[in-house]
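Keep in mind that this is a model prediction, so the values were computed, not measured.
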Amino acid sequence: RKEFVDLYVNYVFNESIQKPFRDFEKGFLRGCPAGSWTMFLPAELQLVLQGHTKCDWKLLEKNVTYRQYGMSDQTIRNFWTVFHKLPEKKKKEFLAFLTGSDQIPVYGHRSLEFTIEDPKVTNPDEIYPSANTCYHILVLPR
């Protein structure tokens with residue numbers, strides 16, 4: 001029985017996945033040659049692939065530029081008051097809404113800058129906030 005179980009486990013976890021894994025590896029290495037990855041330590045490679053997992057939300061707030069808004073505008077003060085009261089999960093969801101990813105880029109918080117702009121509409125109650133993920137622009141109606 002032990003031999004059967006050992007052979008079965010080996011088949012399920014090793015032999016049965018060899019071809020799909022080789023196909024994946026071949027495609028992955030076509031886009032990311034293995035020589036490029038050898039210069040990274042495991043922790044560095046994880047950071048490159050996943051980005052930062054901890055977010056400094058106050059630093060993020062400092063990196064914002066405003067269009068048609070000032071830092072002291074009531075809309076902006078309300079936004080940051082509500083934002084800082086959100087749980088961590090919701091803040092990361094906002095980051096995903098704004099940038100397309102819920103992770104801080106590998107270059108860190110200083111490289112993540114975004115803009116909050118006023119859409120300049122006659123009735124701001126008729127539109128929702130929106131984001132341009134390519135340029136990290138949050139369109140926030142008053």
**Study point:** Hphob cluster co-occupancy, Met71 + Ile116, side-chain heavy atoms under 4.5 angstrom
**Key:** yes

Review point. What are the two closest non-hydrogen atoms of Ser101 and Thr99, and how far apart are they?
Key: O-OG1, 2.8 Å

Check your understanding: Under 3.5 Å, is there a donor-acceptor pair between the Asn14 and Gln18 side chains?
Key -> no

**Study point:** Charged N-O contact under 4.0 Å between Lys90 and Glu93
**Key:** yes

Check your understanding: Looking only at heavy atoms, what is the nearest atom pair of Phe97 and Pro129, with distance?
Key -> CZ-O, 3.9 Å

Review point. Same hydrophobic cluster for Ile127 and Leu138, using side-chain heavy-atom links shorter than 4.5 Å among ILVMFWY?
Key: no

Review point. So, do Glu88 and Lys92 sit near enough that their side-chain heavy atoms are less than 4.5 Å apart?
Key: yes

Practice item. Return yes if some donor-acceptor pair links the side-chain N/O of Tyr69 with the main-chain N/O of Thr75 below 3.5 Å, else return no. Key: no

Review point. Is the gap between the ring centers of Tyr66 and Phe114 under 6.0 Å?
Key: no

Review point. Would Trp57 and Leu95 count as a side chain to side chain contact (heavy atoms under 4.5 Å, CB included) if you check the C-alpha gap in whole Å, the side-chain angles of each, and the deciding distance to 0.1 Å?
Key: CA-CA 10 Å; Trp57 302 112; Leu95 193 59; 4.3 Å; yes

Review point. Linking I/L/V/M/F/W/Y whenever any side-chain heavy atoms sit under 4.5 Å apart, do Ile76 and Ile137 land together?
Key: no

Practice item. Check the angle between the aromatic planes of Phe79 and Phe83 and answer parallel, tilted or perpendicular using the 30° and 60° thresholds. Key: parallel

Exercise for review: Sort and list the pairs that fulfil salt bridge (Lys or Arg N to Asp or Glu O under 4.0 Å) and have at least one residue in residues 124-142, not counting sequence neighbours.
Suggested key: Asp73-Arg142, Asp118-Arg142

Review point. Which word best sums up how the rings of Phe24 and Phe21 line up, parallel for under 30°, tilted for 30 to 60°, or perpendicular for over 60°?
Key: tilted

Review point. Do side-chain atoms of Thr133 reach the backbone of Gly100 as a donor and acceptor pair under 3.5 angstrom?
Key: no

Exercise for review: Evaluate side chain to side chain contact (heavy atoms under 4.5 Å, CB included) for Glu117 paired with Leu140, printing each intermediate quantity in order.
Suggested key: CA-CA 6 Å; Glu117 70 177 34; Leu140 185 67; over 6 Å; no

Practice item. Identify the heavy atoms of Lys91 and His84 that sit nearest to each other, and give their distance. Key: NZ-O, 3.5 Å

Review point. Do you reckon Phe28 sits in the same ILVMFWY cluster as Phe40, going by side-chain contacts under 4.5 Å, direct or chained?
Key: yes

Review point. Hey, quick one: are Leu86 and Trp80 part of the same hydrophobic cluster, counting side-chain heavy atoms closer than 4.5 Å, chains of contacts allowed?
Key: yes

Exercise for review: Under the side chain to side chain contact (heavy atoms under 4.5 Å, CB included) rule, what do Tyr8 and Val5 come out as? Steps first, then yes or no, please.
Suggested key: CA-CA 5 Å; Tyr8 183 75; Val5 170; 5.7 Å; no

Exercise for review: Enter the distance from Lys120:NZ to Gln68:CD here, rounded to the nearest 0.5 Å.
Suggested key: 5.0 Å

